[in-house]
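Computed over heavy atoms, backbone and side chain alike; hydrogens, waters and symmetry mates excluded. The chains referred to below are lettered A, B, ... by the order of the sequence lines, with proteins before strands, and numbering in each begins at 1.
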Amino acid sequence: MSSDQAPKKELAAVKGTHDILPGEVEIWQKVETTATRLFESYGYRELRAPIIEHTELFEKGTGRTTDVVTKEMYTFVDKGGRSITLRPEYTPSVARAIVEHRLDLLGTPMRYYYIGPMFHYDKPQKGRYRQFHQIDVEVFAEKDPAVDAEIIEMADTLLRVLGVAETEILVNSVGCKACRPGYSRALRAQAEKVRGGLCEDCRRKIDINPLRIFDCKVELCRALAKEFPQIMEFLCSECRDHFAEVRKYLGLAGIPHRVEPNLVRGLDYYTKTAFEVINRGGGQQNAVLGGGRYDDMMKDFGGPDICGIGFACGVERLIAMLSFKPEPRKFVYVVHAGDAAKAKAVELARLFRVGGVETLVEFAGRGFKSQFGRADKLGASWVLIIGEDELAKGEFLLKDMATGTQTSGSPRVLLAALQGRVG
RNA sequence: GUGGGUGUAGCUCAACCGGUUAGAGCAUCGGACUGUGGAUCCGAAGGUUGGGGGUUCGAGUCUCCUCACCCACCCCA
């Protein structure tokens, strides 16, 4: 019946998902290779986890009370009766892999990165898609604040190397199990006093998670929140020292940042350091990167007591800020006419490719003129000409499309000339 | 999940107050031009006006439903 009503529906991409076509995919490749090289230079290694996990992993890891878990997961029952979820975030998968493979006993640094798709069942809008992509970085078993600064430095460097401007790094500490309850109580008490002035959502937040009142965009709420106690005054000495050290190392690294006492994270597991990179010029979905420390997550969901810290960067949001124009490719277009020339075209193209030269052969059977037109339109740097004369001589013409000059020579001579000129 | 906006050719857009066969530019393909690109000229192809119902003698136009996209709330990277 759906096919009667909307015959084209099955031929369209699923709502909130997108094809990344040639022309745009080069930007993705640039971002991916840049991030990969950068992270590897810090000693981080790629850890690839499956796209699907047991639903329970996110319920325990991300948190049963979070919006992500309660209403935004792609969850289904597989044929074996298991509840399976398309990962909404990556951190729980890495934690799971560590426990499953006892990576903590290997003695190797537990510094991992990954770039791949995540899934949220949300209503799509700008900067928010059902399948989106994240660059994810995680460090485990490093409780030293210097590592907090290290990954913030990596995040900042990634953005700078990619040429992203107009961003700002916000940092905060959200405390720990020892000190945050006290702060929550103080916050709740203060919020209760001004309950009548708060919006409906914020009144609900008073009981659930008063810290999230700081996220509200309603003018009056923001004004009232300014008078609320600040977490810095409530941090225990350990958290206070930790935060001071993070800032010290950020300062030594020359990383500009702003302490934002109202910065809170959406996921339950964060402790101590929380940070975010926002796009100043961006619209509503202006958080391009966010993360923090989660020292209790592993233990809380039944694993070993290993602390962690990490961040996730939204690739779509990152790319939206890029003005990067990919370099035009340098390649050879082979013009050929006749069966013998076609066979020779295939042979020489193979030779060129082995020699590291990108070479395109088409078989549409066009005339010479039309083939040159194709080569021009596709942006070929050179045209290799294979016709009867060339076949007879065993020497072929190579035309430089920019200058129009043609040189004749054996395939190996021509290849050698090209090899010096391809990037 | 809740609101608002927009859907016409591959792309960007026309089409009066509801009125004949829904047009143009770009792109595509072909020809002028049978071994040499960008230009020019000529031609062709391309559409169930997102889909479905309703009103009407007549709907791209009005109306309802639906789908998709965009924007905001919400959430978050």
Side-chain angles (χ1 to χ4, degrees), chain A residues 1-18 21 62 66-73 88-91 115 117-130 132-137 155 199-202 204-205 212 215-218 264-267 275-279 282-292 310-321 333 335-338 341 364 366-391 397-406:
Chain A
M1 51 194 160
S2 68
S3 61
D4 289 334
Q5 288 173 346
K8 284 182 176 171
K9 189 178 173 188
E10 285 133 39
L11 297 179
V14 171
K15 180 177 179 135
T17 70
H18 296 281
L21 305 175
T62 307
T66 58
D67 282 338
V68 168
V69 170
T70 55
K71 51 188 187 193
E72 292 169 10
M73 291 208 299
E89 60 147 344
Y90 200 62
T91 308
I115 304 170
M118 308 290 158
F119 304 85
H120 276 193
Y121 194 88
D122 247 5
K123 193 158 173 179
Q125 68 184 68
K126 190 170 204 64
R128 191 173 79 185
Y129 311 102
R130 290 189 174 180
F132 61 106
H133 298 76
Q134 286 188 336
I135 298 170
D136 192 272
V137 169
C199 73
E200 201 178 318
D201 276 344
C202 285
R204 266 205 333 268
K205 288 176 187 168
R212 300 200 59 79
D215 273 346
C216 191
K217 294 182 178 78
V218 176
V264 294
R265 308 259 76 232
L267 306 180
F275 62 96
E276 198 166 287
V277 178
I278 58 167
N279 176 8
Q284 292 306 307
Q285 311 292 335
N286 67 344
V288 67
L289 182 153
F311 70 79
C313 173
V315 181
E316 283 83 356
R317 292 180 187 182
L318 175 62
I319 284 177
M321 302 175 68
Y333 187 93
V335 166
H336 57 94
R366 302 162 194 266
F368 261 63
K369 186 172 188 64
S370 176
Q371 290 186 62
F372 274 92
R374 277 291 285 174
D376 180 56
K377 189 159 62 64
L378 298 178
S381 298
W382 305 278
V383 162
L384 176 68
I385 304 163
I386 304 177
E388 288 178 13
D389 301 348
E390 290 77 15
L391 280 171
L397 278 175
L398 187 71
K399 176 169 183 169
D400 184 313
M401 293 295 276
T403 64
T405 58
Q406 298 189 161

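Of the candidate nucleotides B:rG37, B:rA77, B:rC70, B:rA77 has the atom nearest to the side chain of A:Ala287. Candidate nucleotides B:rG35, B:rC69, B:rG37 were compared by shortest atom distance to the side chain of A:Asp376, and B:rG37 ranks first. With distances taken from any side-chain atom of A:Leu397 to the nucleotides B:rC74, B:rC69, B:rU36, the minimum falls on B:rU36. Here the side chain of A:Phe372 is nearest to one of B:rG35, B:rC69, B:rU36, namely B:rU36.
Listed here is the closest heavy atom pair of A:Pro124 and A:Gly16: CG-CA, 3.8 Å. Between A:Ala287 and A:Arg317 the shortest heavy-atom distance is O-NH1, 2.8 Å. Closest approach of A:Phe368 to A:Gly387, counting heavy atoms only: CZ-CA, 4.4 Å.
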Give every donor-acceptor pair under 3.5 Å between a side-chain atom in residues 373-386 of chain A and any protein atom, sequence neighbours left out.
{"from": "A:Arg374", "atom 1": "NE", "to": "A:Glu362", "atom 2": "OE1", "distance (Å)": "3.0"}
{"from": "A:Arg374", "atom 1": "NH2", "to": "A:Glu362", "atom 2": "OE1", "distance (Å)": "3.3"}
{"from": "A:Arg374", "atom 1": "NH2", "to": "A:Glu362", "atom 2": "OE2", "distance (Å)": "2.7"}

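The CD atom of A:Glu89 sits 17 Å away from the P atom of B:rC75 (whole-angstrom rounding). In this entry the distance linking CE of A:Met321 with C1' of B:rA77 reads 12 Å, nearest Å. Here B:rA77 presents its C1' atom at 11 Å from CZ of A:Phe311, a figure rounded to the nearest Å. Distance, A:Gln371 CD to B:rG37 C1': 12 Å, rounded to whole Å. Taking atom CG on A:Asp67 and atom P on B:rU2, their separation rounds to 16 Å, with Å as the unit. Look at OH on A:Tyr121: it is 16 Å from C1' on B:rC74, rounded to the nearest Å. Look at OH on A:Tyr129: it is 11 Å from C1' on B:rC69, rounded to the nearest Å. If you measure from atom CG of A:Asp122 to atom P of B:rC69, you get 13 Å, rounded to the nearest angstrom.
A:Gln406 contributes a side-chain N or O that forms a donor-acceptor pair with the base of B:rU36 under 3.5 Å. Between the side chain of A:Arg128 and the base of B:rC71, no donor-acceptor pair of N or O atoms lies under 3.5 Å. The base of B:rG35 sits with one of its N or O atoms less than 3.5 Å from a complementary donor or acceptor on the side chain of A:Glu390.
With A:Gln371 contributing its side chain and A:His336 its backbone, the two residues share a donor-acceptor pair below 3.5 Å.
Partner of A:Arg128 under the side chain to side chain contact (heavy atoms under 4.5 Å, CB included) criterion, out of A:Glu316, A:Lys123, A:His120: A:Lys123 alone. Each of A:Asp136, A:Ile115, A:Ile135 was scored for a side chain to side chain contact (heavy atoms under 4.5 Å, CB included) with A:Tyr90, with one residue passing: A:Asp136. Of the options A:Val68, A:Thr62, A:Thr66, A:Val69, a side chain to side chain contact (heavy atoms under 4.5 Å, CB included) to A:Glu89 is made by A:Thr62 and by none of the others.
Taking the side chain to side chain donor-acceptor pair (under 3.5 Å) definition, one finds that A:Glu276 meets it with A:Arg265, sequence neighbours left out. Partners of A:Phe119 by ring-ring contact (aromatic ring centres under 6.0 Å, His included), not counting sequence neighbours: none found. Legend: residues meeting ring-ring contact (aromatic ring centres under 6.0 Å, His included) with A:Phe372, ordered by chain and number and at least two apart, are absent.
Taking atom C1' on both nucleotides, B:rC26 is separated from B:rG46 by 14 Å, rounded to a whole Å. Nucleotides B:rG7 and B:rC13 have their C1' atoms positioned 13 Å apart, rounded to a whole Å. Comparing the P positions of B:rC69 and B:rU61 gives an interatomic distance of 23 Å, to the nearest angstrom. Across the C1' atoms, B:rA9 and B:rA32 are found 27 Å apart, a figure rounded to whole Å. Taking atom C1' on both B:rC65 and B:rU21, the two are 31 Å apart, rounded to the nearest angstrom. Going from the P atom of B:rU55 to that of B:rC64 covers 15 Å, rounded to whole Å. Between B:rA68 and B:rA77, the distance separating the two C1' atoms is 25 Å to the nearest Å. Comparing B:rC62 with B:rG19, their P atoms are spaced 11 Å from each other, to the whole Å.
Between A:His120 and A:Gly16, it is A:Gly16 whose nearest contact on RNA chain B lies nearer the 5' terminus. Each of A:Lys71 and A:Asp400 has a nearest nucleotide on RNA chain B; the 5'-most of these lies closest to A:Asp400.
Considering only heavy atoms from C-beta on, A:His133 comes within 4.5 Å of A:Pro117 through its side chain.
A:Gly387 comes within 4.0 angstrom of a nucleotide base, judged by non-hydrogen atoms across all strands. Using a 4.0 Å heavy-atom distance criterion, A:Gln134 is classed as a base contact. Across all strands, A:Ile385 comes closer than 4.0 Å to base atoms (heavy-atom distances). Nucleic acid contact for A:Gly291: none, since no nucleic acid atom lies under 4.0 Å from a heavy atom of the residue. Nucleic acid contact for A:Asp389: base, since at least one base atom lies under 4.0 Å from a heavy atom of the residue. Heavy atoms of A:Ala312 sit under 4.0 angstrom from primed sugar atoms or phosphate atoms, though from no base atom. Among the atoms of the strands shown, base atoms are found under 4.0 Å from some heavy atom of A:Glu388.
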Can you tabulate the close N/O pairs, meaning under 3.5 Å, that link protein atoms to atoms of nucleotides 3-12 of chain B?
{"from": "B:rG3", "atom 1": "O6", "to": "A:Lys123", "atom 2": "NZ", "distance (Å)": "3.4"}

Hey, what are the protein-to-nucleotides 28-34 of chain B N/O distances that come in under 3.5 Å?
{"from": "B:rU28", "atom 1": "OP1", "to": "A:Lys377", "atom 2": "NZ", "distance (Å)": "3.1"}

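For the pair A:Gln125 and B:rA72, the criterion of a side-chain N or O lying under 4.0 Å from OP1 or OP2 is met. Residue A:Lys126 places at least one side-chain N or O under 4.0 Å from the OP1 or OP2 atom of B:rC71.
As the counterpart of B:rA44, B:rU28 is assigned, both hydrogen-bonding distances of the Watson-Crick or G-U wobble pattern falling under 3.5 Å. Base pairing of B:rA14: no nucleotide in any strand meets the Watson-Crick or G-U wobble criterion (both distances under 3.5 Å). Under the Watson-Crick or G-U wobble criterion, with both distances below 3.5 Å, B:rG58 is left unpaired in every strand shown. The partner of B:rG3 is B:rC71, judged by Watson-Crick or G-U wobble contacts that both fall below 3.5 Å.
Counting heavy atoms of neighbouring residues, nucleotides and ligands inside a 6.0 Å radius, atom CD of A:Gln406 exceeds 12 of them.
We find that the ring of A:Phe132 and the base of B:rA77 stack, their centres lying under 5.5 angstrom apart and their planes tilted less than 30°.
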